[in-house]
*Asks:* 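So that we are looking at the same thing, I have put the structure below in C-alpha cells.
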Amino acid sequence: MRSAGDRLPIWITGLVTGLVFILLYLPVFISLLFSIVEIRQGKILWETLSFKHYVTLWSNPSVMGALSNTAIVALISVVVATVLALVLALYTEWEGAIGRRMLELVIYLPFLLPPIVTGLALLVASAELGLNRGLATIVLGHAVFVLAVAYRLVLTRLQALPHSLIEASFDLGAGRFQTLRYVLLPHLASAVMTGAVLALTLSFDETLISTFVAGDQMTLPLRLWAMMRVGFSPEINALVTLVLLVSIILAIIVAWRMKPRGQVEEG
Amino acid sequence: MTEMRRRWLIFLGVAFVPALLIVAPIASFLLLSLFRAEKNVIIREITFGNYTGFFGNWTYFGTFLGTVLLCLEVMGVAVLIGYPVAWFIWQQKGSHRYLLLLLAVMPLFMSYIVKLYTLRSMLGLNGLVNQALLGLGILERPSQAFLFNQRAVLITMVVIYLPFVILPIFLALERIPRSLLQASLDLGAGSWDTFRRIVLPLSLPGTIAGALFAFVLALGDFVTPQMVGGTTGFTIGRVIYSQFGLAYNWPFGAAMATILFVTALIGILLAGYSISRQRV
C-alpha cells in the first residue's frame, strides 16, 4: 500500500531505534562477557571461560552483607510505601481530599525531584532530629521514593472501578469496613502487587538517596559504587551482571503484569 | 461534629505521614540554608549570606549556569534521539510494539551505578568506542577525548536519561486517536503533512513533559560528573555534594540545594502544566 517514499521514515527511525537499543544493551553483554572470560588486546580468550568470579562473590562477606541490607531495606520500605499508598489513594479518590492536587504533588515530589534534593532533605532532617543514620533512615528514604509509583498504580485501578460496585455493596447492607475488605481490596489486589514489585525494583537499584542517609551501612549499589572507585575487576563485572539480571527479571514481571490485555491488537 | 470538621480531621490523619516524611525534611533544609557555619559549627541566626555568597561568587553561580546549560543540551539531544525512537515504536503493531516499548523502558529499572560503570569502561582509553574507531580507521591512536571531560558527562547523561524521554513521548503518541490520522489521510494530506499538522502538535505536550523530566533529573546528578567528568566536568550537584562532605559547610550546601530545588520545581510544574494542556 505504501510507496517507497513513505517507507523511508520507518527505515530511518528504525535505524535510530536499533542504534539506541545497541547503546542501551551493549553494556549488559559486555559486563557479562568480562565476568566469564579474559580479554587481552581486544581478543576474547575463550579458554579462560569460567564462573569463578561468581563463586568468589558468594564468599565475599562485604558483598553478602550489602545484599542482605538491600533485601531488608527493600522489603520493609515496599511494605510501608504500599500500605501508605493504599490509604492515600483510597482517601484522595473516595473521600475527595482537601487540597488533593497539593497532596498529590507532595506524594510525587521525591520521585520527580533530583535525588540529591530528597537525599539532602532526609539527611538534614535526621541530623536535626538527632537520628542515627543507618538502615532505618535508608528504609524511610526508599519508602518516600517509591511511594509515588505505588500510589499512582493503586489510584489508576481505583479510578477504573465503577462506583456502582461500592453503591451495590452499601445497598446490600455492608458497612464501610466490609466494603473495603470484601469489595475494594480484592479488586485492588493485583494493582497493589504490581506496584509492590515495581517499588521493589526501584528500591533494589536506589543509589543516590541512599548515599546521603546510609551512614556507615552499605546497600548493594553503594557497595558496588565503592568497589568501582577502586578500579575495574572481573569480580565487579560478575556482580554487575547479577544486579542487572535481577533488575531485568523484576522489570519483566512488572511489564507482564501491566500488559494491556485485549487492547494490544487494536489499530 | 460537623461534616467539615470530620473532613479536616481525616485529612490531617491521612496527610500527616507525607507531611512528616516529605514536607518536613524539605522545610528543614530550606531553613538550614538561612543559617551559617563557622568552623564546622552551625550558627542558628537567620541570614541571607549563603545566597548572596552564591550569586556573588562566579565560581558557584557560573557552575550553576553551566550545569543548567549542560542539562538543556542533554534534554535537547535526548529529545532529538528519543522522538524518532518513540515514533518508530508507535508505528509498530500488536505485541511487537509492546516488546519494543518494554526494551526501551527496561533500562529505567537497571541500576544507575551499573550503567555508569559500563559506560565509563566503554568510553575509556581501552574502551569499546576507541576500539571501534580504531578498527574503522577513523582514529590512529586511542583518544582521551571521550572520558573525563564535559563531553563525556553529556554523552553519559543522554544515554542514562534517554528512556525517561522515550516513554512520555510514546504515551503521548499513543493517545492520538487513529481516526484523526485516517481523516487527515482521507482528506488528501500526505504522511508528512499529517505528521506536521496532526501528530507533532498533539504529541508536543508529552514531549515537553518528557524533556523536562530528563532536565530535572540531570540537573541534580552528582555521580555522573564525578565518575566520567574528571576535573573539568564540574556540576552544581557535585559542588553541593562536596559541601556535605569534604568542604563541610552544610548551610551553604543547603542554600545551593534550595536553588536547585526551586529550579527543579519550576521544571516539574511546567511539565505538569504541559501535560494538562494535552487535547487528546
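Reckoned from all heavy atoms, side chains included, excluding hydrogens, waters and symmetry mates. Chain identifiers are assigned alphabetically (A, B, ...) following the order of the sequence lines, protein sequences preceding nucleic acid strands; residue numbering begins at 1 within each chain.
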*Asks:* Below 4.5 Å, heavy-atom pairs only: which of Ile268(B), Ile26(B), Asp221(B), Leu217(B) has the largest tally toward chain A?
*Replies:*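 Ranked by heavy-atom pairs under 4.5 Å with chain A, first place is Ile268(B).
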*Asks:* According to the interplanar angle, ranging from 0 to 90°, do the rings of Phe164(B) and Tyr161(B) count as parallel (below 30°), tilted (30 to 60°) or perpendicular (above 60°)?
*Replies:* tilted
*Asks:* So, Thr70(A) side chain and Leu220(A) main chain: donor-acceptor pair closer than 3.5 Å or not?
*Replies:*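 Yes, because the side chain of Thr70(A) sits within donor-acceptor range (under 3.5 Å) of the backbone of Leu220(A).
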*Asks:* Among Leu120(A), Val20(A), Ile107(A), Leu122(A), single out the residue with the greatest number of heavy-atom pairs under 4.5 Å to chain B.
*Replies:* Leu120(A)
*Asks:* Considering only heavy atoms, which portion of Tyr25(A) lies under 4.5 Å from any heavy atom of chain B: side chain, backbone, both, or neither?
*Replies:* side chain
*Asks:* Walk me through whether Arg152(A) and Glu104(A) qualify under salt bridge (Lys or Arg N to Asp or Glu O under 4.0 Å).
*Replies:* CA-CA 10 Å; Arg152(A) 187 66 234 174; Glu104(A) 290 196 324; 5.4 Å; no
*Asks:* Need one label for Leu162(B): side chain, backbone, both or neither, based on atoms under 4.5 Å from any heavy atom in chain A.
*Replies:* side chain
*Asks:* For the residue pair Pro225(B) and Arg238(B), what are the closest heavy atoms and their distance?
*Replies:*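 In this case the closest contact between Pro225(B) and Arg238(B) is O-NH1, 3.2 Å.
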*Asks:* Is Phe261(B) in contact with chain A via its backbone, its side chain, both, or neither, using a 4.5 Å heavy-atom distance?
*Replies:* both
*Asks:* Can you tell which part of Leu103(B) gets under 4.5 Å to a heavy atom of chain A, answering side chain, backbone, both or neither?
*Replies:* both
*Asks:* With a 4.5 angstrom heavy-atom cut-off, which part of Val159(B) approaches chain A: side chain, backbone, both or neither?
*Replies:*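 Contact with chain A is through both the backbone and side chain of Val159(B).
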*Asks:* Pick whichever of Pro107(B), Pro18(B), Ala24(B), Ala264(B) has the most heavy-atom pairs under 4.5 Å with chain A.
*Replies:* Pro107(B)
*Asks:* For Leu113(A), which atoms come within 4.5 Å of any heavy atom of chain B: side chain, backbone, both, or neither?
*Replies:*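 Contact with chain B is through both the backbone and side chain of Leu113(A).
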*Asks:* So for Leu198(A), is it side chain, backbone, both, or neither that comes closer than 4.5 Å to the heavy atoms of chain B?
*Replies:*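 Side chain only.
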*Asks:* With only heavy atoms counted, which part of Met122(B) is less than 4.5 Å from chain A, the side chain, the backbone, both or neither?
*Replies:* side chain
*Asks:* For Ala104(B), is it the side chain, the backbone, both or neither that has a heavy atom under 4.5 Å from a heavy atom of chain A?
*Replies:*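 Looking at Ala104(B), backbone and side chain both touch chain A.
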*Asks:* Side chain, backbone, both or neither: which part of Ile30(A) has a heavy atom under 4.5 Å from chain B?
*Replies:* side chain
*Asks:* Identify which of Leu265(B), Leu100(B), Ile89(B), Leu119(B) forms the greatest number of heavy-atom pairs closer than 4.5 Å to chain A.
*Replies:*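 The answer is Leu100(B).
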*Asks:* Ignoring hydrogens and geometry, is there a side-chain-to-backbone donor-acceptor pair from Arg97(B) to Gln91(B) under 3.5 Å?
*Replies:* no
*Asks:* Is Leu208(A) close to chain B through its backbone or its side chain, or both, or neither, when contacts mean heavy atoms under 4.5 Å?
*Replies:*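 Answer is both: backbone and side chain atoms of Leu208(A) are under 4.5 Å from chain B.
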*Asks:* Working note: Thr211(A) + Tyr241(B), criterion side chain to side chain contact (heavy atoms under 4.5 Å, CB included); need CA distance, chi angles, decisive distance, verdict.
*Replies:* CA-CA 10 Å; Thr211(A) 167; Tyr241(B) 189 66; 3.4 Å; yes
*Asks:* Return yes if some donor-acceptor pair links the side-chain N/O of Thr92(A) with the main-chain N/O of Ala89(A) below 3.5 Å, else return no.
*Replies:* yes
*Asks:* Which class fits the ring pair Trp225(A) and Phe222(B): parallel under 30°, tilted 30 to 60°, perpendicular over 60°?
*Replies:* tilted
*Asks:* Contact part of Leu26(A) toward chain B, heavy-atom cut-off under 4.5 Å: side chain, backbone, both or neither?
*Replies:*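 Just the side chain, heavy atoms under 4.5 Å.
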*Asks:* At a 4.5 Å cut-off on heavy atoms, which part of Thr118(A) comes close to chain B: side chain, backbone, both, or neither?
*Replies:* neither
*Asks:* How close do Ile236(B) and Thr67(B) get, counting heavy atoms only, and between which atoms?
*Replies:*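 Closest approach of Ile236(B) to Thr67(B), heavy atoms only: N-OG1, 2.9 Å.
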*Asks:* What part of Val246(A) lies closer than 4.5 angstrom to a heavy atom of chain B: side chain, backbone, both or neither?
*Replies:* neither
*Asks:* Check whether Ala143(A) gets within reach of chain B through its side chain, its backbone, both or neither, counting any heavy atom under 4.5 Å.
*Replies:* neither
*Asks:* Check the angle between the aromatic planes of Phe11(B) and Tyr91(A) and answer parallel, tilted or perpendicular using the 30° and 60° thresholds.
*Replies:*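 The arrangement is tilted - the two ring planes meet at 30° to 60°.
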*Asks:* Check whether Phe212(A) gets within reach of chain B through its side chain, its backbone, both or neither, counting any heavy atom under 4.5 Å.
*Replies:*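 It is the side chain, since no backbone atom gets that close.
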*Asks:* Taking it one step at a time, do Tyr117(B) and Ser31(A) satisfy side-chain hydrogen bond (donor to acceptor under 3.5 Å, both in side chains)?
*Replies:* CA-CA 10 Å; Tyr117(B) 170 75; Ser31(A) 19; over 6 Å; no
*Asks:* Check whether any side-chain heavy atom of Met256(B) lies under 4.5 Å from a side-chain heavy atom of Leu260(B), and answer yes or no.
*Replies:* no
*Asks:* With a 4.5 angstrom heavy-atom cut-off, could you sort out which part of Trp250(B) is near chain A: side chain, backbone, both or neither?
*Replies:* side chain
*Asks:* Report which part of Leu140(A) has an atom under 4.5 Å of a heavy atom belonging to chain B: side chain, backbone, both, or neither.
*Replies:* side chain
*Asks:* Using a 4.5 angstrom heavy-atom cutoff, name the option from Val17(B), Leu31(B), Leu219(B) with the most pairs to chain A.
*Replies:* Val17(B)
*Asks:* Might you point out which heavy atoms bring Ala85(A) and Leu147(A) nearest each other, and give the distance in Å?
*Replies:*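 Closest pair (atom of Ala85(A), atom of Leu147(A), distance): N-CD1, 3.7 Å.
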*Asks:* Measuring from atom OG of Ser95(B) to atom CG of Leu102(B), what distance do you get when rounded to the nearest 0.5 angstrom?
*Replies:* 12.0 Å
*Asks:* Is Ile248(A) close to chain B through its backbone or its side chain, or both, or neither, when contacts mean heavy atoms under 4.5 Å?
*Replies:*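 Both parts, backbone and side chain.
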*Asks:* Which answer fits Leu32(B), side chain, backbone, both or neither, if we ask what part of it has an atom under 4.5 Å from a heavy atom of chain A?
*Replies:* side chain
*Asks:* What part of Val106(A) gets closer than 4.5 Å to chain B, counting heavy atoms only: side chain, backbone, both or neither?
*Replies:*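 Both the backbone and the side chain of Val106(A) come within 4.5 Å of chain B.
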*Asks:* Looking only at non-hydrogen atoms, find the nearest pair between Leu155(A) and Arg100(A) and report the distance.
*Replies:* CD2-NH2, 3.8 Å
*Asks:* Could you have a look at Val254(A), Leu123(A), Leu105(A) and say which one has the most heavy-atom pairs with chain B under 4.5 angstrom?
*Replies:*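 Top count of heavy-atom pairs under 4.5 Å with chain B: Leu123(A).
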*Asks:* Could you pull out the closest heavy-atom pair between Ala218(B) and Met157(B), with the gap in Å?
*Replies:*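 Heavy-atom minimum between the residues: O-CE, 3.6 Å.
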*Asks:* Does any heavy atom of chain B fall under 4.5 Å from the side chain of Val243(A), the backbone, both, or neither of them?
*Replies:* side chain
